[in-house]
Every structure is written in structure tokens, then in C-alpha cells.
Amino acid sequence: MPQVRKMECVTIFMAWPYANGPLHLGHVAGNCLPADIQYKFERAKGNKVLMCSGSDEHGTPITVSAEEEGISPQEIVDRYHKINSKALIEMGCSWGDNVDPRGVEYGGALYNRTTDIRHKEIVKEVFKLLMESDFLEEKTMQQYCSISEDGIIKFLPDRYVEGECPNCGSEEARGDQCDDCGVTYDSNELLNPRSKMNPTAKIEIRDTDHLFFKLNIFQESLEKHASERSHIWKPNVRSMTKNWLNMGLRSRAVTRDISWGIKLPFDDDRWKTKRVYVWFEAVQGYFTCARIWAERFAHKYEHSEGADAWKDWLIYNPDKKQKHIYFMGKDNIPFHTIIWPAIIMAMNASKSGNLVSNSLQNGDLLLENNVASNEYLMLQGGQFSKSRKHAVWLPNFLEEYDPDTLRYYLSINMPETHDTDFRWDEFVDRVNNELIGNYGNFVNRVLTLAHRLESDSNENPLSKYDSLEKHHEKIMEINSLHEKATKSLEKQRFKEALRYIMTISQKGNILLQESAPWKYLNSEESDEKNNSLSGLALGWRIVKSLAILTRPFMPFQSERIWAMIGEKSPIDDVLWQDALSFERNLTWNNSKPNALFKKLDLKEIIEREDMIASEYNNDNEATPSARDKGSEYIQFEDFMKVEMKTGKILSVEEHPNADKLWVIKLQDTPESTRTICAGLKGIYDKEKLEGMNVVYVANLEPRKLRGIISEGMLLAADDGNGNVKLLTPEGDISTGSLVR
RNA sequence: AUCGGGUUGGAGUAGUCAGGUUAUCUCGUCGGGCUCAUAACCCGGAGACCGGUGGUUCAAAUCCACCAUCCGAUACCA
């Protein structure tokens, strides 16, 4: 008898993508895909699953983007929330299933946003609660602000302030640190401070009151929590968390002087210009999202608990099996192992009146069961970057390629324990050789062979050859692979799990090789034929199993198989653990089977990507903002101010304090030399540069570059893709000749 | 320079926290087989002193120390 297991309530949390740009493949590999695989897997196990995430829409970078484009922050986040939620659904993630297809009691998914009015309300409630329970404290800090002519005060983050270093006198010191001498100091020690964004504005230090979350009082509970998790967390999560705890926790500001964000829940005038700091508010999205899901969907679709349905998943109940898994990139680890758990403990202590603790009481909010953080996916060796245009954007990708191929490649190459690379040639290789050659081909072999047997239109011609007892050993092998894949998925080891599943299709290929059913398709009935075709019948069953097992990874092709083998029942009703239930009758679909995937052509792909990249670059050069500011034309007189001359490189030295700089001694006129620091290390070798004739800017104001005065600048062409070429005169000409 | 992460057959990786038989898998490569299938599939072989040195231990890819080297973030830039 199968054991009747209690249904688990599982919550999948995905880190909230920041809504100031489209998602790129780094996001997909790091959080979106693993979260979705886990969601689909937990569903297939029959569990009640809730999945929560959404767009993170507050904070400074969004206001900066808005300013650049001359539109409101709300317009920015509206745009990218729409683009990103659409792209996620198109790549096969289950965010569109607000209500589980099995019924609302089973849960659902919500991709919400932090500008949601209800999110703001709940955050305010929490803020108030923590304030009243004394988890927040008020401190006065000193901060730079710029004051415009009409008296408007704008507070500036440290990194937007520069000035003169109190230690070495360098002109380019930042708000809290000097890069020339490396010293750090309080921002009020900086001399002659100025705003980086608006250097002429008046700037001064003002006192500003802020509220701080007393993170320090959670130190002990968090240490206990971390040690309880030490065998579950991956090494990167463990060590990053340990680092934080070893440094000692300090209180963190939960408010900011900014206008874009959630208002504080106080009427008091002095809080009017402040907003909730985005880190403190965005993590609460997990909590608000679950509640909003219950209010909007559970309630509407008549969940037995109505708007309280979220408690099934989020509130600890010793009689239930409950599990919380969070997915994110490595930069987010401390937020999920330290900060968010601390906030949860604070909320629990506030509500129950108990002391702060990591051990839960009935009715408390649950803490995480695993923080499954991934490392980064790199693009051909470099990090995905929005500002440097170094990325493959998810919406663009989906316009051209089958989402399942992406999901396959990113799953089998997932940055689980260290950074991995996205490479187009590897993408093509893996899809063509593994996904298509091994798996797609196996499915195709089975289906086309079966269709070459004579059949009446409704019955599977393999039924009469079906004989499981002949294949006991093979079935055991496959059973064991299924079991291994399950265990891997339970530990969020997706690469390994998918590898086991692919091995099942490899076993299928071996089975066909051994049975050689093609020999008997049209032959007389015989024992040999019976044996051979029983192998094909088992192959058919394996195809069906694979449709179920690959579903969390590649949902679209799995449905295609389901239709081709003539299964009528929804594939979502089949339980993961029944994927290998071989006792059921064979189904049949009389229409001709199609190949699951199309082969990819690397050459075509490279051409297409080059085209997209050049279009993208052209677009950017012609952005309206650049033209509006009148920066497209300069006056001839302005151009003549720049004095460019020819010179000859005499010698090249290492810079003592910089990675990319060469210190170059230049023959600038026949009689004199000058020193120029050039960022050409790693592009040009020392030997190559020495003796080279170059063009330089002669009348640039000398400037200290990481400690060494640079008197001018070498001219070089840069295509934006890392190709840099120095300008050099076409023939011999004396040094110091004017370039014009 | 500061901080973080790597270094395992030709390439990419598993194993490292909790040390223990022949070091995992994929691709490639070489030889053979099959011919149903999307030039795919199946079998077999070759190929690794686990970055180096020293230490702890009966035993080290795994723990410790030092060194080398690569990558990323930040700063410096064209």
C-alpha cells in the first residue's frame, strides 16, 4: 500500500527583479529559472504550492533612469514591470497561474510589484508595529545636501559627493573615502565638497533624522539559525552569512531622504520628506505578496480560508508540513539569511510579546528552510551589465528561440556553485548534441517506429507486444535514476537532476539499440518479434515518463509529447512519483509525430546577434536625450581649443597603484618629454607601445591619476566592444606637429 | 590596490564544509558496431602526478600554512 502522505505547503520565493530594465539571461539562470523549476516540481509532487515575487520598483537608480529619460519613475516601472512579467510567462514560468489549475486550495502564483497600494499599506503596518515594539531607534546623522537657488534641499548619498581629501589633498576624493591614498573618513571631514551630478550647486552638511532597525539585537538568534542551517545551505551561502555575523551586526537605517518610495506611517511633519529605505521594504514583498494573493485570488475563487489563505503557507503550524525556499543571486544572500529573518523575528516578537528567537511558536511567521542562492551567469567571460550593453536580453531571446532550449541550456549549465559562462557556441552544441541528439531523437525514434506498425486508428499497435516482465532490469535502472533525480531536486541540485533525467533517455536509446525493433516492423509474428517490440513498447512508456520528468525543466515540449502520445488527461494531474507507473494502458494518437526541436545553426545565430548588437549601439548613440541637450554640435572655436599633437612613445612603465594604467614617457616635441597615464594595459603590450608614433591632447589640464600626474591624453578609437586602437600618423612627421 | 571567487584528462564540470576502495559526468578525440531516427544512436579505448611547495594524518583533490596564477566587483581609462 502506498503511504498516504500529508500534503506539504510549500512556498517558493524568488528575489524581486529591479524594474529599471529588461531581464537578461543572468537573472533567468540565477533566480527565475531555478525558482520555477522548483515550483513545478513541488506541484508535481502533489504539494500545495504558492510562489511569490514581483518587480522591485523603488530606490535611487529608478529615479536616475527616469531623470535621464525625462519621464516619471512610475512610467519607468510601469514599462519594465509589463515587459518583464510578459517575458517570464513566455519563457514558460508559471507566473500566469494565479490560481493553481488543480484549484485554489492548492495555491497559485503572484508576480506583484512594490508600487502596489496594498504592499505599501502592509509595509506601513509593519513599520508601525516594529516602531511600537521598540525595534526601531531614531538617530541623527550628518549628510551632505545640495541647496538650489530656490532653497530646495536635496540630500546626496556619499557616492555622489566629491571633494578634497583631508589626508593627501587629492582633488578627487569621494564622500567617505579617498581613492588616491586609500584613507577613509567621516563625510564631514571632506574639504570643499561638491555634488558630482551638479558641481556648481551649493553644498553643505545638514543634520537629518533617520530611523534605524536594531539589527544588532538579533545577533545571537541569527547565529543559532545559521548553525541550524549549516548543513542545508550551500557553501557560498554559509560563508557569506558567516562573514556578516563575524563582523558583528549593526543597526541599519530604514529611512531615507528621497521622494520616490513608501511614505512613513506618521503624521509628524518632520517625516514628510522621508521614505522607507528600499532594502527594508522590498524584502517585505514576500510577506505582502502572499497576503495580496490571498486577498485577490484565494478570496475570489473561494478558498476555504478566504483572504486568510496565506496563513496556510506563511504561518507556522506544528500540525502541518511547511517549507520555504528562496531563490536569488549571490549578491542577495545576506538579505535573505540575516536581514529578512531578523525582520521576521522582530514581527513575531512584536505580535506574540515573546522574546526575540529563531525557534518558532504556533502562529509565528515562518523562517526560511533554504536560501538557494546561485552564483552569476557570465556572458562570454564578462559579467552581464546593463550599462555596458553587455547582455542577452530575455525578451529579445524569446523572439527568436524556443524557450525550452534556453531552459535546457541554463539548467544544465546553471551557476549553482560557481560562476558559469553563457556562450553561443556552447548553447548550440548542447542543444544540438544533447537535447536533440540524445533526448529529442529518442522520442522521435520511438514515435516514428511505432507509427510504422499497422494499427487501427484508436489503439496503440504496441499494446499486444507490451511485456514488462521481460525488462525487469531496465525498469529497475530507470527507477533508480528517477529516485536520484528526485533527491537532487529536493536539494535544489538542478544540474544533477536534469543529468539523471537525460540519462534515462540515454537508457532508452540503449534499449532501442538492443531490441532493434526496425528489423521486425513488417515481419511475420514470431518470438523474436515479440521480444523486440516489447522493447519498443517499453520505449513508449519511457517517453511518457520523460514527458513528466522533464516538465519542470522544459514545460512546452513536455506538452507536445503528451499530445503526440495521445494522452487526454491534463499532464498536470499526473504525479511526479507516478511518472514510472507502467501498469497503465498504452495510449495512441493516430496523427503523425513531429520532431520536438529544430536544430540550431551557430553561424546564423552569430550573424543575428551581431546585427542586434550593432542596432542597439546605433540606437543608443541617437538617443533623444543626447540631442535635446544640444550636445550634438559644438562650435568651431570650441573644437580649436583642443590642441592635438603628434608624439613618440619613449618608454612604458608599470603604474604602482593601478591595474589598467601604463605610465608613458612621451617625446612631445623634439626638445621635450612629458608623462601620460594611459589606460591601455591589457590592450597593448609594453613592447608594442615603445617607439610608437601617436596622437595626444597637449593642452589638457594635468591631473593626478591614482597618484601620478598625467599631462595629457593619448587618442584611441574604441568600438564599445573592447576593441581599442591607438591613432598613429600615416607617415613620418616630426614630434609636436599639430593635428587638426 | 582593496574585497570576493576559482584553479580537477584537449574544453566544460562533479566530488572539497562532515579525509578512506579503480576521481564523476558532458563535449571532443581514436577504434568498432547499427542503419529505425533530426549525419543522429550503441559499444570499447586513449587521455589527470586534482595549480605549486611544505605540514597534519595509518590515509589528503578534500584539513592547515605559504606561494603562483586566473576571473569578477570597486577605483584608474580610450
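By convention in this document, chain letters (A, B, ...) are assigned in the order of the sequence lines, proteins followed by strands, and residues within each chain are numbered from 1. Remember, it's a predicted structure, so these values are computed and weren't measured experimentally.
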Tell me what [X] touches on the nucleic acid: a base, only sugar-phosphate, or nothing, going by heavy atoms under 4.0 Å.
X	value
A/E375	nothing
A/N444	base
A/I510	sugar-phosphate
A/F442	nothing
A/T503	nothing
A/L714	sugar-phosphate

Looking at [X], I'd like to know whether one of its side-chain N or O atoms comes within less than 4.0 Å of OP1 or OP2 on [N].
X	N	result
A/T420	B/G12	no
A/H418	B/U7	no
A/Q506	B/U26	yes
A/R493	B/G15	yes
A/K599	B/A39	no

Before accepting this row, confirm whether a basic side-chain N of the pair [X]/[Y] lies closer than 4.0 Å to the acidic partner's carboxylate O.
X	Y	result
A/K603	A/D601	no
A/R423	A/D429	no
A/K491	A/E496	no
A/R430	A/E426	yes

Considering only the [atom1] atoms, how many Å lie between [N] and [M], rounded to the nearest integer?
N	M	atom1	answer
B/A48	B/G15	C1'	15 Å
B/A18	B/C63	P	8 Å
B/C70	B/C30	C1'	32 Å
B/A61	B/U22	P	12 Å
B/A46	B/G10	C1'	12 Å
B/U7	B/C64	P	15 Å
B/U13	B/U53	C1'	27 Å
B/G52	B/A11	P	15 Å

### Query
What orientation do A/H27 and A/H24 show, parallel under 30°, tilted 30 to 60°, or perpendicular over 60°?
parallel
### Query
Would you call the rings of A/F427 and A/Y401 parallel, tilted or perpendicular if under 30° counts as parallel and over 60° as perpendicular?
perpendicular
Check the distance between [N]'s [atom2] and [X]'s [atom1] and give it to me in whole angstrom.
X	N	atom1	atom2	answer
A/M502	B/C27	CE	P	9 Å
A/I501	B/C25	CD1	P	18 Å
A/M414	B/C25	CE	P	22 Å
A/L453	B/C36	CG	C1'	11 Å
A/K234	B/G5	NZ	P	15 Å
A/E416	B/U13	CD	P	13 Å
A/L435	B/C41	CG	P	12 Å
A/D331	B/A73	CG	C1'	11 Å

### Message
Does A/E416 form a salt bridge (Lys or Arg N to Asp or Glu O under 4.0 Å) with A/K495? I'd like the steps, not just the answer.
### Response
CA-CA 8 Å; A/E416 286 175 355; A/K495 270 202 261 202; 5.2 Å; no
Could you check which nucleotide pairs with [N] in any of the strands shown, counting Watson-Crick or G-U wobble with both distances under 3.5 Å?
N	answer
B/A61	none
B/G12	B/C25
B/A39	none
B/U69	B/G6

From the list [options], which nucleotide is the closest neighbour of the side chain of [X]?
X	options	result
A/R430	B/U26, B/U38, B/C42	B/U26
A/E426	B/G28, B/C34, B/G12	B/G12
A/E434	B/A37, B/U26, B/U35	B/U26
A/R445	B/A37, B/G28, B/U13	B/A37
A/A595	B/C34, B/U26, B/U38	B/U38
A/N433	B/C34, B/A14, B/C27	B/C27
A/W518	B/A14, B/U35, B/U26	B/U35

### Query
Under the criterion side chain to side chain contact (heavy atoms under 4.5 Å, CB included), which of A/M644, A/E711, A/K645 is the partner of A/V697?
A/M644
### Query
Taking for each residue the nucleotide of RNA chain B with the nearest heavy atom, is it A/G712 or A/L596 whose nucleotide lies nearer the 5' end?
A/L596
